[in-house]
Amino acid sequence: MDTKEEQLLIDLTSAKGVPGNEEEVREVFREYAKPFADDIFYDGLGSVIAKHGAGGGPKVFISGHMDEVGFMVTKITEKGFLEFQTLGGWWGQVMLAQQVEIKTREGKIIHGVIGSKPPHVLTPQVRNKPYEIKDMFIDIGASNQEEPKEWGIRPGNMVTPYIEYKRMNGSKYLLAKAWDNRIGTAVSLRVLENLSKEAHPNVLFAGSDVQEEVGLRGARTSTHLVNPDIAFALDTGTAGDTPGMTPKEADSILGKGPQILIFDASMIPHKKLLNFVIDVAEEMAIPFQYTVISGGGTDAGQMHLTRDGVPSVAITVPVRYLHSHTSVIHEDDYLNTVKLVTELVKRLDSETVEQIRSYE
């Protein structure tokens with residue numbers, strides 16, 4: 001991976017963007033897409049879509065999502081601590097003593113840490129149970145209720161995890177916040193770049209949606225706007241290669257290729273399109289892994305239900321430690337996802353799309 005490509009990953013993961021506050025990520029997307037897009041437009045919620053191709057043919061929509069799991073300030077206490085609401089799914093055990101950043105309306109960044117009662121004052125019964133999120137707070141070093149207000153903090157402010165992107169010890173393992181789903185957004189942008197330099201028999205719409213982590217909301221509106229013939233959700237999935245994991249829980253291995261979802265709680269993928277994806281991957285010798293997400297879904301869950309139905313499949317990058325401050329991906333999985341999706345779009349001509357969409 002060259003320096004420019006890695007810088008895209010750094011820029012995307014460094015950007016702050018919880019559901020409903022995706023402005024920074026949208027700006028990174030827009031600036032990167034500009035040289036390669038014929039047009040850039042938005043749905044009414046703020047999802048961003050870059051179009052390439054004016055020669056007609058099927059409309060192919062590929063999209064990640066911009067938002068990351070995070071928090072929202074809900075109250076400033078009398079002593080200057082912040083109460084907060086989670087945005088997206090959080091496991092309380094990965095939150096305590098973690099550093100966060102609050103962004104004010106004026107763009108000022110306030111540093112804080114998630115706090116709780118110390119274990120020393122808890123009874124053994126309480127100490128040995130997971131600490132409840134509702135009892136946590138954010139400490140920003142304020143002494144009273146007025147200081148945070150003077151700093152510009154108010155209810156509704158975005159709160160994001162604080163962590164720096166790192167290539168782990170010179171390896172291909174990449175650590176950052178928000179791989180879910182800045183990596184899908186990066187794939188969307190890289191495929192756009194690839195196909196802007198060569199012919200493709202369709203019109204490509206490469207995008208990234210808002211508010212996936214709170215109910216796949218942006219996917220519903222962006223897909224309605226594009227009205228595609230074929231759609232691909234580009235997201236992340238659970239890796240199963242850490243100690244203690246069993247194949248029944250998750251069996252994907254970092255470095256062994258993108259995941260192709262054959263089932264999740266929001267969608268059964270379109271069979272003909274799924275077979276097309278698998279056939280292309282096998283023909284091109286692109287490594288991939290089958291996966292199932294029985295307790296969650298991707299934006300494809302809304303894509304496939306739009307208008308009169310859109311054949312859809314989710315292609316995901318395996319990630320360790322999803323929905324935490326520090327998640328880990330493998331460089332090769334990202335690059336192979338870009339390679340696979342680029343090849344899929346190149347092959348979706350009118351005849352192929354007609355065959356996929358036909359029920360005769």
Side-chain angles (χ1 to χ4, degrees), residues 16-22 45 65-105 108-163 176-181 210-218 236 238 244 249 265-266 293-297 319-327:
K16 301 170 180 61
V18 301
N21 297 262
E22 295 93 349
L45 297 182
H65 67 84
M66 289 182 282
D67 57 317
E68 62 188 288
V69 294
F71 315 99
M72 175 193 291
V73 175
T74 56
K75 182 181 178 180
I76 304 171
T77 71
E78 290 184 2
K79 293 185 178 180
F81 296 96
L82 307 181
E83 295 181 5
F84 64 89
Q85 166 69 46
T86 55
L87 297 174
W90 278 94
W91 187 34
Q93 289 182 226
V94 303
M95 291 169 54
L96 283 177
Q98 295 287 349
Q99 296 179 69
V100 295
E101 293 182 318
I102 302 97
K103 185 176 181 180
T104 69
R105 181 189 291 183
K108 185 178 180 181
I109 303 300
I110 306 296
H111 207 82
V113 62
I114 297 177
S116 68
K117 290 181 182 179
H120 313 74
V121 303
L122 302 177
T123 64
Q125 292 84 353
V126 175
R127 190 185 311 150
N128 292 326
K129 293 181 180 179
Y131 201 85
E132 293 196 42
I133 295 175
K134 67 179 180 62
D135 296 324
M136 299 178 191
F137 52 83
I138 298 174
D139 185 345
I140 56 171
S143 302
N144 54 56
Q145 197 172 49
E146 295 308 311
E147 279 187 305
K149 294 178 182 177
E150 292 169 2
W151 298 344
I153 291 178
R154 64 180 71 197
N157 285 157
M158 165 172 64
V159 184
T160 51
Y162 172 75
I163 181 77
K177 74 172 181 65
W179 284 129
D180 184 8
N181 182 30
V210 297
Q211 299 190 43
E212 190 270 354
E213 296 293 357
V214 290
L216 317 182
R217 296 172 187 175
T236 57
T238 304
E249 293 169 326
S266 69
I293 304 176
S294 57
V319 180
R320 292 176 183 166
Y321 325 122
L322 276 167
H323 288 207
S324 74
H325 281 58
T326 49
S327 49

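Every heavy atom of this structure was used, including side-chain atoms; hydrogens, water molecules and symmetry mates were not.
For the pair Gln145 (side chain) and Ile76 (backbone), a donor-acceptor distance under 3.5 Å is present. Using modelled atom types, one side-chain atom of Thr74 and one backbone atom of Glu83 make a donor-acceptor pair closer than 3.5 Å. Judged by distance alone, with hydrogens and angles left aside, the side-chain atoms of Glu22 form a donor-acceptor pair with the main-chain N or O of Gln211 at under 3.5 Å. A donor-acceptor pair under 3.5 Å is absent between the side-chain atoms of Asn157 and the main chain of Pro155, judged by distance alone.
Counting heavy-atom neighbours within 6.0 Å of Glu78 CD, excluding the residue itself, gives a total of 12 or less.
Taking each heavy atom of Lys16 and Ile109 in turn, the nearest pair found is CE-CD1, 3.8 Å. The minimum heavy-atom distance linking Ile163 with Ala176 is given by the pair CG2-C, 4.2 Å. In terms of heavy atoms, Gly88 sits closest to Val69 at CA-CG1, 4.0 Å. Residue Ala265 comes nearest to Gly295 through the heavy atom pair CB-C, 4.3 Å, listed as atom of the first residue, atom of the second, then distance. The two residues Glu213 and Pro19 come nearest to each other via the heavy atoms CB-CG, 4.1 Å. Nearest heavy-atom pair, Met158 versus Asn21, reported as atom, atom and distance to 0.1 Å: SD-CB, 3.5 Å.
Side-chain contact between Phe71 and Val100: present, with at least one pair of heavy atoms (C-beta onward) separated by less than 4.5 Å. In this structure, Val210 and Asp67 have side chains that are not in contact, with every pair of non-hydrogen atoms separated by 4.5 Å or more. At least one side-chain heavy atom of Val73 sits under 4.5 Å from a side-chain heavy atom of Val159. Between Leu322 and Trp179 there is no side-chain heavy-atom pair separated by less than 4.5 Å.
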- [ ] Would you check, one step at a time, whether the test side-chain contact (heavy atoms from CB on, under 4.5 Å) holds for Thr86 with Ile133?
- [x] CA-CA 9 Å; Thr86 55; Ile133 295 175; 3.9 Å; yes

- [ ] Evaluate the side-chain contact (heavy atoms from CB on, under 4.5 Å) criterion for residues Tyr131 and Leu96: first the C-alpha distance (whole Å), next the side-chain angles of each, then the deciding distance (0.1 Å), finally the verdict.
- [x] CA-CA 9 Å; Tyr131 201 85; Leu96 283 177; 3.9 Å; yes

- [ ] Kindly determine whether Thr238 and Ile293 satisfy side-chain contact (heavy atoms from CB on, under 4.5 Å), including the steps that lead there.
- [x] CA-CA 8 Å; Thr238 304; Ile293 304 176; over 6 Å; no

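The line from CD of Glu212 to NE2 of His65 is 3.5 Å long, rounded to the nearest 0.5 Å. The distance from the CD atom of Gln98 to the CE atom of Met136 is 10.5 Å, given to the nearest 0.5 Å. Note that the CD atom of Glu68 and the NE2 atom of His323 stand 10.5 Å from one another [nearest 0.5 Å]. Here the CD1-CZ distance, from Ile138 to Phe81, works out to 11.5 Å after rounding to the nearest 0.5 Å. Distance check: Thr160 OG1 to Leu87 CG gives 11.0 Å after rounding to the nearest 0.5 Å. For the atom pair Ile140 CD1 and Ile102 CD1, the distance stands at 6.0 Å (nearest 0.5 Å).
Taking the six-membered ring for Trp and thresholds of 30 and 60 degrees, His111 and Tyr162 have ring planes more than 60 degrees apart, a perpendicular arrangement.
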